[in-house]
Amino acid sequence: MKGVDQEEIARRRGIYFQGFGIYGGLSGLFDFGPYGSRMKDKIVRTWKETMLSEGNIAEFDGTTITHTQVLKASGHYDRFFDFSVECKKCGTKYRADDLVEKRGVKVTLDRDWLQSKITELGIKCEKCNGDLGEVKIQKLMFQVDQEEGSEPLFLRPETAQGMFINFKEYYRFFREKLPFAIITVGRGYRNEISPRRALYRLREFNMMECESFFDPENETWVHDPEDSIAVTFLTNEGKEMKATPKDAYEKGIVKSHPMAYFMGLALRFYSAVGIDIGRIRFRQHRKEELSHYSSETWDAESLTDLGWIEITGIAHRGTFDLTNHIKASGKDLYAQRVIPRKEVIEKKKEIDYQTIKAEFPKQSSKIIAAMKDGASSLSIEGKNIDLRRFLVEKEEKVVVDRENFIPVVIEPAFGLDRIIYTILDHNLSVREDSGYVCLKIPYSISPYDAAILPLMAKDGLDVKANSIFENLLKQKFSVLYDDSGSIGKRYSRYDEVGILYCITVDYDTLKNGDVTIRHRDTRVQIRIKIDEIPDYLGRNPWNGK
RNA sequence: GCAGGUGUUGUGUAGCCUGGUAGCACAAAGGCCUUCCAAGCCUUUAGCCCGGGUUCAAAUCCCGGCACCUGCACCA
């Protein structure tokens, strides 16, 4: 939101702030404070509820330290090094491997090799023809060193891989039926060259990822795409139109049914956490922007004071990941489909043990061993014997009703930190009359259920308020108690961190046993009985109004 | 990584050019007052990014480092 410095409020109010502050801070690393941690938790909970209510989605919680083989198979390892070289004269930066490759030379990803090739080929700056400097290595993944001499490990650059390599566990869990999906909430790590802009580009970030698996012959989700929320779709051909995910699928804007479905889920989730759907659009990746494995990718973008930022990527990963893990691990990560039952007659050649024993009673074991090794002849007692005559052909009926295939994957990946940034951006508003800031987030992601405030900290009001506070805590409500300063100041304090209800204990409370409940957005107050508070907070009757 | 800019209590900032007690506002804590939307008064807590140099004296000038911000480049 323009006019409000989100970062300043986040820092002052303990929502989020730069990590390692007392040591000067480190860019791209942010911590969540007392309010932010709780909000983050509730956003994650909302996301999980949205996803898990599909019925055929299950959770996975994997490690962040990752086996190197996984990243070699996934292709990350090869992109682990970025070789850059800079013009000494004008400062233009190039990818060293690109420069060499452009000259038709097959590239070896090695610094010294690239350095000598550049010298050998006499490659100069493309802009000013100046001399190029030293080839530098940028590591894009964080490396974890093990014992000296052994292979290093890496912190995962995405949470997805754990869900691919454990595909079979989930395939069994879902009793071998597709489609199903796996979700993970966790951290990923990327060594960004220049992480900046608060929560937008981080080196350690929170992701909520979903990997859904389909039979390529039936790429359909179990429910129909959302048809009640419309947003703008921007295609890679530059077309722009307003549509619901269902429309978009039916009109062929979005090719994949599940992809359209997940767009709808995303919209439902955004709206549940208070993101303004009017400031959301889906943008299709251009051909040259697509990852090498993807045939179709859509980003959900939100409009914030940083401009349009990507908050979710929905990518068609095809069979890329499972295929690579099958190759690299040699393990079975196939799914099976039922096909029309057919009987196949298989011809097999078998060893005729009886004849061998009858003809060569003493050498039979030697002959059999030779045949099992695949020998076609053997010399026994000076005579060369053709072993092929001991093979008899047999026919066998085999019933085939299943076949293997590699499932295709559609991945909706939500960037939690950017979603938090968007939520704050869309919900921080300035009151017109006072100029004070109010964070109008939904109750479901509000950091606390309510604040309990005595009108004044005397005449027993504080004692009464405190007993209400203790009582609500016992009933597992998340509440705060505050008796400092004037009542108006306290209301404002909780408005700014998005707490929806302030419960005030005043002089009538002592007489009548009731309190006032004040609504954050409207500032309207009503009176209810003390006993009714739990029920009221549980029902949240003000939500959505 | 390059270029430019910046670093002063919890937050926002003044002071730096021209060296001499580090100031303001808000926030926070304690008190007085106050019967519902950041009231007032008194009191208090708390700061010059780090290291070195120049100087009688450095927030201020010089050197080095670190960090952050913006642009460019890079990048899921």
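So that the names make sense, note that chain A is the first sequence line, chain B the second, and so on, each numbered from 1. Small disclaimer: the values here were computed from a predicted structure and weren't measured.
- For the pair A/V524 and A/M456, nearest-nucleotide mapping onto RNA chain B gives the more 5' position to A/M456.
- The distance between atom CD1 of A/I517 and atom P of B/C36, rounded to the nearest whole Å, is 19 Å.
- Summarising the geometry, the separation between CG on A/D506 and P on B/U34 is reported as 17 Å, rounded to the nearest angstrom.
- Here A/E7 lies out of heavy-atom contact (under 4.0 Å) with every strand.
- Under the 4.0 Å criterion applied to side-chain N and carboxylate O atoms, A/R527 and A/D506 are assigned as salt-bridge partners.
- Computed from coordinates, the A/R11 CZ to B/A27 P distance equals 18 Å when rounded to whole Å.
- Summary of the strand contacts: A/D482 and A/M207 both lie near RNA chain B, and taking for each the nucleotide with the nearest heavy atom, the more 5' one is attributed to A/D482.
- With respect to the salt-bridge test (charged N to carboxylate O, under 4.0 angstrom), the residues A/E209 and A/R156 do not qualify.
- The base-pairing partner of B/G51, taking Watson-Crick or G-U wobble contacts with both distances under 3.5 Å, is B/C63.
- Protein atom CG of A/L26 is 20 Å distant from nucleotide atom P of B/G7, rounded to whole Å.
- The separation of B/G10 from B/A27, taken at their C1' atoms, amounts to 7 Å, rounded to a whole angstrom.
- Contact annotation for A/Q525: base contact, defined as any heavy-atom pair under 4.0 Å involving a base atom.
- The partner of B/C56 is B/G20, judged by Watson-Crick or G-U wobble contacts that both fall below 3.5 Å.
- If you check B/U70 for Watson-Crick or wobble pairing at under 3.5 angstrom, you find it paired to B/A3.
- Going from the C1' atom of B/U55 to that of B/A3 covers 34 Å, rounded to whole Å.
- To the nearest angstrom, P of B/G12 lies 9 Å from CZ of A/R12.
- Ion pair A/K255/A/E296 not flagged as a salt bridge, since none of the NZ, NE, NH1 or NH2 atoms sits closer than 4.0 Å to an Asp/Glu carboxylate oxygen.
- Aromatic ring pairs are classed by plane angle as parallel below 30°, tilted from 30° to 60° and perpendicular above 60°; the pair A/F167 and A/F213 is tilted.
- Regarding contacts with the backbone of B/C33, every side-chain N or O of A/K458 stays at 4.0 angstrom or more from both OP1 and OP2.
- Note on A/T516: a base of the nucleic acid sits closer than 4.0 angstrom, heavy atoms only.
- Note: CZ (A/R13) to P (B/G10) measures 16 Å, nearest angstrom.
- For the P atom pair drawn from B/U60 and B/G15, the interatomic distance equals 15 Å after rounding to whole Å.
- The aromatic rings of A/F469 and A/Y481 are tilted relative to each other, their planes meeting at an angle between 30° and 60°.
- The pairing partner recorded for B/C32 is B/G40, the criterion being a Watson-Crick or G-U wobble arrangement whose two distances lie under 3.5 angstrom.
- Taking atom OH on A/Y23 and atom P on B/G51, their separation rounds to 13 Å, with Å as the unit.
- Relative orientation of the A/F414 and A/W47 rings is perpendicular, given thresholds of 30° and 60° on the angle between their planes.
- Rounded to whole angstrom, the span from the OH atom of A/Y189 across to the C1' atom of B/C75 amounts to 19 Å.
- Base pairing of B/G10: its partner is B/C26, meeting the Watson-Crick or G-U wobble criterion (both donor-acceptor distances under 3.5 Å).
- In this structure, A/N191 reaches neither bases nor backbone, as no heavy-atom distance under 4.0 Å exists between it and the strands shown.
- The same atom, C1', is picked in B/G19 and in B/U54; the two are 11 Å apart, to the nearest Å.
- Between A/S486 and the phosphate of B/A39, there is a side-chain N or O to OP1/OP2 separation shorter than 4.0 Å.
- Nearest heavy-atom pair, A/H325 versus A/V70, reported as atom, atom and distance to 0.1 Å: CE1-O, 3.6 Å.
- Straight-line distance between the C1' atoms of B/G40 and B/U34: roughly 9 Å, to the nearest whole Å.
- A 3.5 Å limit on both hydrogen-bonding distances identifies no Watson-Crick or G-U partner for B/A46.
- Pair check for B/C75 finds none; no Watson-Crick or G-U wobble contact set falls under 3.5 Å.
- Nucleic acid contact class of A/L453 (heavy atoms, under 4.0 Å, all strands): none.
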